Amino acid sequence: MIILATFKIALRALRRNTLRTLLTMLGIIIGVGAVIAVVSIGSGAKAQVEAQIASMGQNVIMILSGNVSRGGFRMGFGTAGTLTREDFEAIRKELPDISGISPEVWASAQIAVGNQNTSTSVRGVGVDYLDIRSWRLTSGANFTEADVRNGSKVALIGKTTADLLFGDEDPVGKIIRIKNAPFTIVGLLAAKGMSGPGYDQDDIIFVPYTSAMTRLVGPGQTTFRSLTAQAATAKLVPTVQNEITNLLRQRHRIGPEREDDFLVRTQQEISEMATATSKIMTWLLGSVAAVSLLVGGIGIMNIMLVSVTERTREIGIRMAVGARGRDILLQFLTEAVVLSVLGGCLGIFIGVLSSRVLPRVLSSLGVVTLVSPTSIVVAFLFSAVIGIFFGFYPARKASQLDPIESLRYE
Amino acid sequence: MHAVVKLEDFRKTYYAGEVEVPAVRGVSLEIRQGEFVAIMGASGSGKSTMMNTIGCLDRPTHGRYFLDGVDVGELERDELADLRNEKIGFVFQGFNLLSRTSALENVELPMLYARRGVRGREQLERAMQALDLVGLSDRADHHPNQLSGGQQQRVAIARALVNQPKLLLADEPTGNLDSRTSIEIMGVFQNLNDQAMTIVMVTHELDIARYAKRNVIMRDGRIVNDLPVTERLAAGHELQRLEREQKDVQLVS
């Protein structure tokens, strides 16, 4: 039998009982809609984390100082201060596979220009830092190796901070006071934008780490909480990770049986850790939604069985005029698939719609959604498969009816 | 002329659990092309079983059945379906039209299942031709519930004819119709028979059987009588007579 005719028959049969058709589809609609919405929230969160990680730069390797255990509590990494300036110099000189390395000294300080003042984070870094973290300058230039050596009072300013303090004026050459010490601005950083809700990457000031250590963080701090290195190529990342680990173990005189007093993490590992949680959540919610799809499928099977019984006589007539078992099977299977795919399409529509609306409704939670084409295709195919799977049994039952008895059926 | 229907010692036994129920106990029958046969018998005489077998809806448990030279006993379920589609046109007592489906689409139904496949345009043409043949081409888009019983039965006849079958098989075709419409339907059958269509009709009404050319009487699963109709009724003539009678009692004006 011609496929087109089969479709026409199926559509007519479904139109005959619109309310029943809609109610049957509802299970699939809700299931598919829920899957798409949930997956879009998951991929939104994942994309956000990935963007954050990507803004860290390429082939980045983080070296964190060890942690301190105090009374059974383990403090966070970086608390022990095991990374010295000599470690930094050694890595920089001895490992040829890294294209750059810089310490990161974190501080928060009051900034003042004339009568304007603001509080922002100040980071002490090396000359390589801008390249490693893919920061670009819109005007001025990076500070020099000499600035770092001498602990010069020079600074690079982020777009947001610059706008706040100087408005439209070019801040390069201006003097700002950081914790009352005058710093000359030598460069304006290009904007990077928000990385996650409420966190503005451009609200920042970079100074040479030497200046930061002498003037901004407490006196007597001579160690770094973290270093940021960059492997020359993506392929070299694991090698560099090993080289750094070995070098630091050697320098810190750690015996073969003992644990590292530092942590070397690649960007890959960081992003995996960050996305793992959202992945688990997506799977969890996704499988709950998938269960509702299953329930929808059972609803289809139920209605198709009723439909086969109701239309026994029709089946008998069709068989009498020459329909083969396969023709009847195909007819009822088509009906089930049309039912489920139609429901799937409506579900996709509702899922996409709700993934548009959800971020607005839940804006306070900072929910970001991203509808992936894959999830749409998968949902569509899945609903078709449900139609075939749950439609097959009723359709087979119909195709095996006896024509004589079917014709007599009242 | 070769036989359209040929039964050789045909038997059919049904099983109700362990009990054997013989429905037909050995029938040999030959129906040649162009014949118009009425099979008669009381209920339980086995005529429905004969009908189902001749219509290829069922196979004999014993003996052989040839339809247009094809040995039906050898065939699979699907092959039986193909045979019904190509060689047999069914007309039922209860019309058996698909409800909420237009007359035209009902008539097109057998072509949907034709193995050779019929193009949309040819489908429409052939369906309209068949409707024209039964005088209903102006009701093509009516649904069964908008048609009278007689009209519904004509649509069913058009459906039976649309694949140009070898055999028209009618099961109590006038059972649900009044006397006047019954005669009209018999008129359609006689017309078709005049154009060489082979017709087998099961009926229990004696006067309806008299429109056929040959009467086969069954009792207890056997043929007890097989005779040509001597005083055959002509539908056209009977219709005129009925009209006269109805006028006499002022049933119609």
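Not measured: the values here are computed from a predicted model. Within every chain, numbering begins at 1; the chains are lettered A, B, ... in the order of the sequence lines, protein sequences first and strands thereafter.
- Heavy atoms only, all atoms of each residue included: B/R77 and A/L401 are closest at NH2-O, 3.1 Å.
- Of the atoms belonging to B/L97, it is backbone heavy atoms, and not side-chain ones, that fall under 4.5 Å from chain A.
- Annotation: B/Y65, atom OH; neighbour count of heavy atoms from other residues, nucleotides and ligands within 6.0 Å is above 12.
- Remark: B/K12 NZ is packed, more than 12 non-hydrogen atoms of other residues, nucleotides or ligands lying under 6.0 Å away.
- Counting heavy-atom neighbours within 6.0 Å of A/R20 CZ, excluding the residue itself, gives a total above 12.
- Sorted by first then second residue, the ring-ring contact (aromatic ring centres under 6.0 Å, His included) pairs that include residues 76-106 of chain B, not counting sequence neighbours, are B/F90-B/F92.
- Only the backbone of A/S399 comes within contact range of chain B, judged by heavy atoms closer than 4.5 Å.
- Comment: A/R408 does not engage B/D171 in a salt bridge, judged by the lack of any side-chain N to carboxylate O separation of less than 4.0 angstrom.
- Closest of all the heavy-atom pairs between B/A81 and A/A323 is CB-O, 3.7 Å.
- Contacts of A/R15 with chain B are absent, with no heavy-atom separation under 4.5 Å from either backbone or side chain.
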Self-check item: Candidate pair B/R159 and A/V321, rule side chain to side chain contact (heavy atoms under 4.5 Å, CB included), full reasoning
Solution: CA-CA 9 Å; B/R159 181 180 67 190; A/V321 302; 4.1 Å; yes
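- Applying the 6.0 Å contact sphere to CZ of A/F349 captures no more than 12 heavy atoms from other residues, nucleotides or ligands.
- Atoms CG and CG, from B/L57 and A/D402 in turn, are 8.0 Å apart once rounded to the nearest 0.5 Å.
- The number of heavy atoms from other shown groups lying within 6.0 Å of CZ (B/F66) is above 12.
- Of the listed residues B/D82, B/N163, B/I88, B/L109, the one with more heavy-atom pairs under 4.5 angstrom with chain A than any other is B/D82.
- Both the backbone and the side chain of B/R100 come within contact range of chain A, with heavy atoms under 4.5 Å apart.
- Side-chain contact between A/R324 and B/E76 is absent, with no heavy atoms from C-beta onward closer than 4.5 Å.
- Between the CD1 atom in A/I9 and the CG atom in B/L112 there is a gap of 5.5 Å [rounded to 0.5 Å].
- The contact list for residues 302-317 of chain A toward chain B, using heavy atoms and a distance under 4.5 Å, reads A/R313, A/E314, A/I317 by residue number.
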Quiz item: Taking it one step at a time, do B/Y113 and A/R318 satisfy side chain to side chain donor-acceptor pair (under 3.5 Å)?
Solution: CA-CA 9 Å; B/Y113 300 111; A/R318 288 181 187 278; 2.8 Å; yes
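- If you measure heavy-atom distances from B/E79 to chain A, you find no contacts under 4.5 Å at all.
- Counting non-hydrogen atoms of neighbouring residues, nucleotides and ligands closer than 6.0 angstrom, the CZ atom of B/R11 exceeds 12 such neighbours.
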